[in-house]
Each structure stands twice: as C-alpha cells, then as structure tokens.
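First comes the structure, then the notes that go with it.
The structure presented is a predicted model; accordingly, all values stated were derived computationally and were not measured. This chain uses plain numbering: 1 for the first residue, then up along the sequence. Scope of the values below: all heavy atoms of this structure, side chains included, with no hydrogens, waters or symmetry mates. In listed order, ligands and their atoms are each counted from 1.
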Amino acid sequence: MIENVIGRYSLPFAVATNFRINGRDYLAPMVIEEASVVAACSNAAKLFRESGGFTASADDPIMIGQIQVLDLPDLEAAIDAIAAGKADIIAQVNARDGSIVARGGGAIDLRARALRSTAAGDMLILHLHYDVRDAMGANAINSAVEQIAPRIESITGGRVNLRILSNLSDQRMARAEGLIRCDLLARAGFSGSEVAERILEAAAFAEVDPYRAATHNKGIMNGIDALLLATGNDWRAVEAGAHAYAARDGQYTSLTKWRQDAGGNLHGEIELPLAVGIVGGATRAHPGAHTALKLLGVKSARELAQVAAAVGLAQNLGALRALATDGIQKGHMRMHARQLALAAGADENEAHAVAGQLIEEGEIRSERALAIVRERRRST
Ligand code: NAD
C-alpha cells in the first residue's frame, strides 16, 4: 500500500453500539488508540436512541477540483471564455471517465473565481464540480483536472500551475440531529435539567472561543476519525475539510449546535463536509477496512457520511456531558492506570490488579506502576 515498509502496526478495532440512524440500527466500527472514546460514544448514542435516534442526511457526493491559471493576458476575457466553453469541457471529462459516469456520476459544473493581486499576481481559479458516487474521489477528480488543463490553457491563453482537489468539500456536506429527553441526562448528583443547562453553557463557550472550539471539535473528530480509520477512509482529508469549514466565516467555531426545546429536552445537530468512500483507496484493499464496511452494512458513500455525522454528534454529547458534570479525568484515570500497568511490564492478567492498586493509592504514575510490578515479581 505504501513505500519503504518495514512491518505492520496494529491498533484496537472496536465497535460503538446503540446507533439508530434514520430508523436503522448500526454497529459503528472504530479503530483508535485512545481509551474511553468508544465507551463514551456508545453511551451517548444510547441517550439519543432512547429518544428516537438520529435523523441524518448527506448531499450528493460532489467534490471540487481546482485549477490555478496564471499569466493571463486578460482575466475577464478568460472568465468569459471558460463560461462559453464550459459545456464542452464537461463533456470532455465525462467522455473519458466512463466508470463513474456509468454509475450516474461525473463532472457537472465548472466555476470561475478571480483572485486578484496575490503574491503571485492575479490568478483565475477554476472549480470543477464532480459527482464521484461511492468513492472519496481524490484520484478521480485529480485525473479529471489534469486531463483538462491543456484545454484550459488554450482557451484562456494563461499558464496552468496546480491541478488538485480541494479538501474543503463543502458541496458534500453531511448532517445529523437528535434529541435527548431531559430526564435521561441526569448524572452524578445533577438533575437532567441542570446537566442540559451546563451543556448549553459549554456549547455557547465553543461557539465564541476558538481555544475551546478546537478542543470541542477534536472530541467530535475522535469518533469520526476512528470510524474513518476503521473503514479505510482518508481521515486527514476529512479533518482538513472539517476544520476549514469550522473557520468558514473567518472565526473558527464549533461544528455542533445545541439548544433546549419547550419541554426541556436537549437538541443537538452537527454539519460538516464528509468526503468518504465505500470503494477506492484503502476501503477494499485493506482486509480490516473491508470487514468494517461489511459490519457497518452501508450501501453508499452518502450513507457512510450520515453515520459519520451521527458518530460525531454522539461523541460530542459524551464529552460535553462528562465535562459539564464530573470532568473527564475520573473515567480516564482508570484506563490510564491500566495503560501505565501494561507499560510497566504487567501482563494482561496482572494489569487489572496493578491498575486497581494505583487508583486505591491515589498515585497514578509510571514510577509507582514500575515499583508495584517489581514488588509482585519479587514476591512470586
Ligand atoms: P480510487 O482511485 O480507487 O477511485 C475509485 C474508483 O472506483 C473509480 O475510479 C471507479 O472506477 C471505481 N468505482 C467502482 N464502483 C464505484 C462507485 N460505485 N462509485 C464510484 N467509483 C466506483 O479512489 P478515490 O476515491 O478516487 O481516491 C481516494 C484515495 O485518494 C484515498 O486513498 C486518498 O488518500 C487519496 N488521495 C487524497 C488526496 C487528498 O485528499 N488531498 C490527494 C490524493 C490522493
């Protein structure tokens, strides 16, 4: 799959449970090294489930390919020439890419943007909109923009430099929303309405403060990335798109919105670009990804995007509910203690006892874990 390989590197493969999306049940495969993510996601999905589950939707899988044109004799004339030649250029792309066109996809639009007085002078940026069907589509769209570049040069009289997709795939948005009954939110000495109130305060913080929004969105991506990694998708591409979208208005903000309805129930929604595929890339080449997609049972890239959006929303609720009540350390420390025990040389059977002792002593540190493991070795 890649170059200079010296081995394989494995990570835990888990399933998040309790997802009900558009009336259908899903087990969400997740590959991740961070403790607590899968448990928090499953618990939060259960809260949504008990109030009816998620409603999700996704746009048609339209990707954007960019072509950068420089050294133009006349920028305005170039824009006019592109408008006049657009139908032909689209036909040229679709005549070549038979496989995606046969499945109902292909190029659908070509738009021009002028970027003036940049450090490299005026430039014309063309956006080829391309329906990639069930693929993530990077290769399909990169081939298409490379293919038409010479034609663009001859039509505009300019020089083409870059020809590459944009990871800000904002024509390919996915969204999910859901409700949690107020009484289900109660936890650890807090009533349901107190928890709802505290979650709304936390959400308001993330809406206005980029320092908080970055962490808020990182929590969302904990779930989405784990699903993407499990299914062989390019999680860096989705990360790049999500964060660029979160900053679309000039200030980086939260990818979710939370409000309370008249009955005091909490309502959450998420919207983000989700360029994911169920064919192409590693989705079929990697046996683990193949299994994950089978387990998930999605029939299209759009359906996978809907599941990913719901997973992101569930993960956000899990984090907000913990942060706004007990804090997240309490749950984390147990897993952390176990990891320290394993790192100190405890075997699978001892790890539980060593972690328990670290927690009991209130000293969850690697030195103490090493000392406990050594003591146990001496006494056996
Ligand atoms: P791909 O190159 O494997 O192409 C998908 C192919 O699958 C299509 O060309 C089509 O022939 C075939 N196909 C079969 N059934 C299909 C269906 N139902 N719908 C659509 N196509 C179908 O994969 P891709 O999705 O074009 O590219 C994804 C890969 O590109 C990822 O591995 C990603 O990491 C990589 N990549 C990403 C970037 C970026 O994000 N900036 C840049 C370059 C490459």
Any carboxylate oxygen within less than 4.0 angstrom of a Lys/Arg side-chain nitrogen, looking at D71 and R159?
yes
Review point. When you check the gap from the basic side-chain N to the acidic O, do R151 and D88 get nearer than 4.0 Å?
Key: yes
By ring-ring contact (aromatic ring centres under 6.0 Å, His included), F19 pairs with (sequence neighbours left out) F54
Pocket residues around ligand 1 (non-hydrogen, under 4.0 Å) come out as S99, I100, R103, V132, R133, D134, A135, M136, G137, A138, N139, A140, N142, L165, N167, D234, A237, V279, G280, G281
Taken in chain and number order and not counting sequence neighbours, the residues that satisfy side chain to side chain contact (heavy atoms under 4.5 Å, CB included) with R212 are F205, A206, D209, T215, H216, L320, L323
Of all heavy-atom pairs linking G241 and P273, the shortest is O-CG, 3.6 Å
Side chains of residues 136-144: which donor-acceptor pairs under 3.5 Å do they make with residues two or more places apart or in other chains?
from : atom 1 : to   : atom 2 : distance (Å)
N142 : OD1    : L165 : N      : 2.9
N142 : ND2    : A138 : O      : 3.2
S143 : OG     : N139 : O      : 2.8

